Structures are given as C-alpha cells and as structure tokens.
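The first residue of the sequence shown is numbered 1, and numbering continues consecutively from there. If you're wondering where the values come from, they're calculated on a predicted model, not measured in any experiment. In listed order, ligands and their atoms are each counted from 1. All values below were derived from every heavy atom in this structure, side-chain atoms included, with hydrogens, water molecules and symmetry-related copies excluded.
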Amino acid sequence: MRADVSERTLQQAAVELGVECRVNEPLGPHTTMGVGGPAPFLLLPRDAASLAAVMRELAASGTRYRVLGAGSNLIVADEGVTTPVISCAHLASTIVREGDRVRAGAGILVPRLVREMAGMGLSGLEFAEGIPGSVGGCVRMNAGAGGRWIGDLVREVDVVTPTGGLQRRTPGPGDFGYRRSFVATEHLIVVGALFEGRPEDPATIRERMRDSRAYRLATQPLSERSSGCIFKNPEGGSAGEVLDRLGLKGLSVGGAVLSDVHANFIVNRGGTAADILALAERVKREALDRSGVALTFEVELWRDA
Ligand code: EPU
C-alpha cells in the first residue's frame with residue numbers, strides 16, 4: 001500500500017481511540033466533483049477529543065495529513081493521495097442556540113444551518129443558503145456570496161491545532177479575507193463555530209433565502225457535478241465574466257466541460273480529474289494570453305505526483 005505512515009500504527013491508534021478508519025478509501029464519492037483516487041486511510045472522528053488525539057498521534061510520528069470537509073471545493077487527482085485524510089463529515093453535528101447566536105458543529109452542512117437559523121427567527125446567513133459546504137469548510141475558506149462573507153458572522157471558532165491542542169478563538173480584524181482565514185493559514189481544524197444572528201420574522205428571512213436560491217439557480221449549473229467556482233475572482237472583476245468574454249463556455253477536455261451557464265464552473269460529465277485539470281490549465285492560459293488576467297485556483301487541488 002502507498003502510504004507514508006505505518007499502516008499498523010495508525011490503524012491501531014484509531015481502534016484504540018474509537019475512531020472509524022477506512023483503508024484505501026476512494027475519495028471521489030466524498031467530493032461534489034466526483035473524481036479522484038483513494039487515500040491510504042480515511043479517519044472519521046466524531047468529537048473534538050478524539051480528533052485532538054488523532055492529531056497528537058500524527059504529530060508524534062511526523063505524519064503529513066489532509067483534512068476533508070464536505071468536498072464541495074476540492075478536486076482529487078486520479079492517482080489519489082499518499083497521506084492519511086481526516087474527514088470532518090461526522091464531527092460535532094449539533095446546532096445549539098445561545099441567545100441571538102447559534103453554535104454549530106463543523107460537520108453540519110451550511111444550508112441546514114441557514115434553515116434552522118431561519119426557523120429560530122435569526123437572520124444574517126441567508127445569502128449562504130445554497131452553498132453546499134460544511135460549517136468547518138466554509139469558515140476555513142470564508143465562503144461568500146452576493147458580497148457577504150461567512151466570516152463576518154463568526155464570533156468564536158473552536159479548533160484543534162496541528163499538535164492536538166483544543167482552542168476557542170475569537171476572530172479579530174484581518175483574521176478573515178477574500179476566500180482566506182486564520183484557520184487555513186495556521187493549519188487549524190474547525191470543530192465548531194458560533195454565528196451571530198439578528199432577530200427577524202422567519203417569513204422575511206425565508207423570502208431572502210428564496211431570492212438567493214433563485215439567483216443561484218439562474219446563474220449556476222447546480223444540476224451538474226462541479227466544485228463551484230474554479231478560480232478566485234481577480235481584483236475588482238469576475239473570473240466568470242473574463243472567461244465568458246473570451247468565448248470559452250462549452251470548451252471541453254474529455255468529460256470536463258466549461259459550463260455554458262457560468263464560465264467559472266467546470267462541470268463533470270463523466271470525466272477524470274486529469275480531464276478537469278487539463279481544461280482548467282487551458283482556460284487559465286487563454287485568460288492570461290488573451291486578456292492579461294492571471295487566474296489562481298479557488299478550488300483546492302489534492303495531488304502528490
Ligand atoms: N458573468 C458573466 N458570465 C458568466 C458568469 C458571470 O458575464 O459566465 C458576470 C455576471 O453577469 C455578473 C458578474 O459576472 O455581472 C458576476 O457573476 P456572479 O454574480 O455569478 O458572481 P461571481 O463573481 O462569478 C461569486 C462567487 C460565487 C458566488 C457568486 C454569487 C467567487 C470566485 N465566486 O461568483 O462563489 O456564488 O459570486 O454571489 O468569488 C464559489 O465560491 O464556488 C462560488 C460559486
């Protein structure tokens with residue numbers, strides 16, 4: 001087995017810690033794009049304490065690892081990865097109201113959090129209604145839509161550090177930016193976050209959720225497999241608009257197609273990760289050569305080649 005960690009040690013540790021550990025697990029089904037090879041181990045801790053214990057184990061053996069959320073912003077190479085992967089899918093899946101704030105576990109999907117907050121009569125997050133990510137992933141990347149950002153509502157973040165420490169962090173100015181957060185830069189793993197809500201009539205909140213959903217449905221290829229936007233928006237512009245103006249919608253490599261609904265989405269119609277990455281590189285080159293725009297990936301790419 002391809003792995004840079006001793007199979008016996010990590011599996012044994014997982015058993016002792018009561019953490020589910022799958023061996024040679026295909027990662028494609030764990031992502032919205034649906035491509036990619038296996039990880040030697042997929043660990044699925046259910047709470048902060050067992051995640052922290054796993055991190056201590058990995059740190060003690062100097063083992064590199066990767067962290068998986070809902071897989072909605074991730075493309076995994078066809079060859080898979082050589083590192084163990086920690087999945088946050090089952091991590092802390094509770095939503096608890098604390099006054100006008102709501103504490104949500106990292107494994108909760110954002111659309112569910114938005115719906116539950118609306119039901120509590122707490123507004124602020126409805127712009128995120130259709131974001132298919134998890135609380136942990138969306139806090140880590142400061143997901144945003146319509147000029148609003150998750151980070152603006154986050155008051156506390158519970159994290160596990162790379163050495164297995166547990167911390168409650170209160171974000172300050174500069175801790176979140178465009179598709180950027182202290183969580184990513186400090187290599188932290190989110191266990192849960194506290195979101196600020198504003199009391200409002202649930203019907204009004206639901207109306208805004210409907211508007212946000214309608215905009216997304218009209219402008220994004222939601223019925224197809226994708227990883228959302230492939231590239232970050234260039235300063236003051238939109239990557240989708242740049243690529244659209246170049247007439248690149250519909251361009252394809254194998255089963256990967258640049259969406260004709262939104263040019264910053266690659267949709268997977270039975271392609272491989274290699275098809276998707278080749279198309280992304282082609283599109284990037286065209287944007288640079290013909291528009292002078294240097295696009296950078298917004299999606300995370302996992303490859304160990
Ligand atoms: N546009 C085109 N052609 C296209 C796509 C867009 O001309 O093919 C134009 C639109 O008409 C509009 C402008 O570009 O005038 C902006 O488009 P849109 O409102 O769709 O927003 P975006 O900048 O392309 C960003 C986020 C999305 C988020 C939307 C909606 C990034 C990289 N993307 O896209 O996030 O859903 O705003 O608020 O910041 C994601 O992160 O995966 C993602 C999809």
Side-chain angles (χ1 to χ4, degrees), residues 30-35 68-76 109-111 113-114 123-154 176-181 183-184 208-252 256-268 276-277 279-280 282-284 286-288 290-291 293-302:
H30 294 274
T31 72
T32 54
M33 190 63 104
V35 296
L68 178 68
S72 59
N73 194 48
L74 169 67
I75 298 169
V76 180
L109 294 179
V110 166
L113 174 61
V114 179
S123 73
L125 208 60
E126 41 288 12
F127 69 89
E129 192 277 337
I131 295 178
S134 63
V135 163
C138 285
V139 168
R140 180 179 187 274
M141 72 168 299
N142 190 19
R148 319 227 17 217
W149 317 101
I150 291 257
D152 290 344
L153 300 170
V154 172
F176 288 105
Y178 175 62
R179 299 297 193 259
R180 170 181 76 67
S181 77
V183 172
R208 276 202 299 276
M209 285 166 64
R210 271 195 295 276
D211 289 348
S212 152
R213 189 179 318 141
Y215 181 76
R216 207 176 282 274
L217 269 169
T219 59
Q220 298 181 1
L222 300 186
S223 59
E224 296 198 76
R225 282 192 167 280
S226 82
S227 306
C229 285
I230 291 285
F231 301 108
K232 289 182 185 159
N233 280 339
E235 189 76 37
S238 158
E241 194 168 8
V242 170
L243 300 175
D244 194 356
R245 284 220 179 115
L246 290 172
L248 296 176
K249 279 180 170 172
L251 189 69
S252 66
V257 183
L258 202 67
S259 166
D260 47 24
V261 179
H262 192 301
N264 196 14
F265 278 65
I266 289 180
V267 293
N268 174 20
I276 293 158
L277 295 174
L279 177 60
R282 163 88 194 275
V283 158
K284 217 172 145 182
E286 297 261 354
L288 187 60
R290 293 169 56 204
S291 295
V293 177
L295 295 175
T296 57
F297 281 104
E298 196 249 7
V299 291
E300 203 162 302
L301 306 178
W302 284 6

**Q.** Atom indices of ligand 1, in the order listed, that fall short of 4.0 Å to a heavy atom of Phe231
**A.** 32 (C)

Q.
Under 4.0 Å from a heavy atom of Arg216: which atoms of ligand 1 are those, numbered in the order shown and with their elements?
A. 36 (O)

Q: Indicate yes or no: at least one non-hydrogen side-chain atom of Thr31 is less than 4.5 angstrom from one of Trp302.
A: no

Q | Beyond-backbone contact of Leu295 with Pro234, side-chain heavy atoms, under 4.5 angstrom | A | yes

Q.
Can you name the atoms of ligand 1, numbered from 1 with element, that are less than 4.0 Å from a heavy atom of Tyr178?
A. 31 (C), 32 (C), 39 (O)

Q: Under 4.0 Å from a heavy atom of Glu298: give me the atoms of ligand 1 that qualify, with their elements.
A: 40 (C), 41 (O), 42 (O)

Q) Of the non-hydrogen atoms in Ser226 and Val267, which two are nearest, and what is the gap between them? A) CB-CG1, 4.4 Å

Q.
Is the contact between Arg245 and ligand 1 made by the side chain, the backbone, both, or neither, using heavy atoms and a 4.0 Å cut-off?
A. neither

Q: For a side chain to side chain donor-acceptor pair (under 3.5 Å) with Glu126, tell me which candidate from Arg208, Arg210, Arg213 qualifies.
A: Arg208

Q. Can you tell me the protein heavy atom closest to atom 25 (C) of ligand 1 and the distance?
A. Asn233 ND2, 4.0 Å

Q. Which atoms of ligand 1 sit under 4.0 Å from any heavy atom of Gly228?
A. 42 (O)

Q: Report yes or no: does a heavy atom of Gln220 sit under 4.0 Å from some atom of ligand 1?
A: yes

(Q) Strictly less than 4.0 Å: does any protein heavy-atom distance to atom 18 (P) of ligand 1 fall in that range? (A) yes

Q. Short list, please: which atoms of ligand 1 are under 4.0 Å from a heavy atom of Ala145?
A. 38 (O)

Q) Where is the nearest protein heavy atom to atom 3 (N) of ligand 1: which residue, which atom, and how far? A) Asp244 OD2, 2.8 Å

Q) Based purely on interatomic distance, does Ser238 place a nitrogen or oxygen under 3.5 Å from a nitrogen or oxygen of ligand 1? A) yes

Q: Write out the residue and atom name of the closest protein heavy atom to atom 21 (O) of ligand 1, then the distance separating them to 0.1 Å.
A: His262 NE2, 4.3 Å

Q: Establish whether atom 12 (C) of ligand 1 and some protein heavy atom are separated by less than 4.0 angstrom.
A: no

Q) Under 4.5 Å between any side-chain heavy atoms of Phe176 and Ile150, yes or no? A) no

Q: Flag the pair Phe297 / Ile230 as yes when at least one side-chain heavy-atom distance between them is below 4.5 Å, and no otherwise.
A: yes

Q: Could you tell me whether atom 23 (O) of ligand 1 has a protein heavy atom closer than 4.0 Å?
A: yes

Q: Using distance alone, decide if ligand 1 has a nitrogen or oxygen within less than 3.5 Å of any nitrogen or oxygen in Lys232.
A: no

**Q.** Asp260, Leu243, Leu279 screened by side chain to side chain contact (heavy atoms under 4.5 Å, CB included) with Leu248, the one that passes
**A.** Leu243

Q: Taking the side chain as every heavy atom from C-beta outward, state whether Val283 and Phe231 have any atom pair closer than 4.5 Å.
A: yes

**Q.** Those atoms of ligand 1 less than 4.0 Å from some heavy atom in Ala263
**A.** 4 (C), 8 (O)

Q | Arg140 side chain near Asn73 side chain, heavy-atom distance below 4.5 Å | A | no

**Q.** Nearest option to atom 27 (C) of ligand 1, as decided by whichever heavy atom of Cys229, Gly133, Ala239 sits closest
**A.** Cys229

Q.
Evaluate Asn73 for polar contact with ligand 1, using N/O atom pairs at a separation under 3.5 Å.
A. no

Q) Just by distance, do the side chain of Asn142 and the backbone of Ser181 share a donor-acceptor pair under 3.5 Å? A) no

Q: Show which atoms of ligand 1 fall inside a sub-4.0 Å distance from at least one heavy-atom site of Lys249.
A: 8 (O)

Q.
Strictly distance-based, threshold 3.5 Å: is any side-chain N or O of Tyr178 a donor or acceptor partner for the main-chain N or O of Asn233?
A. yes

**Q.** Nearest-neighbour protein heavy atom for atom 41 (O) of ligand 1, which is reported as residue plus atom name and distance
**A.** Arg179 NH2, 2.8 Å

Q) Looking at ligand 1, does any of its N/O atoms fall within less than 3.5 Å of an N/O of Gly146? A) yes

Q. What protein heavy atom sits nearest atom 9 (C) of ligand 1, and how far off is it?
A. Glu241 CB, 3.9 Å

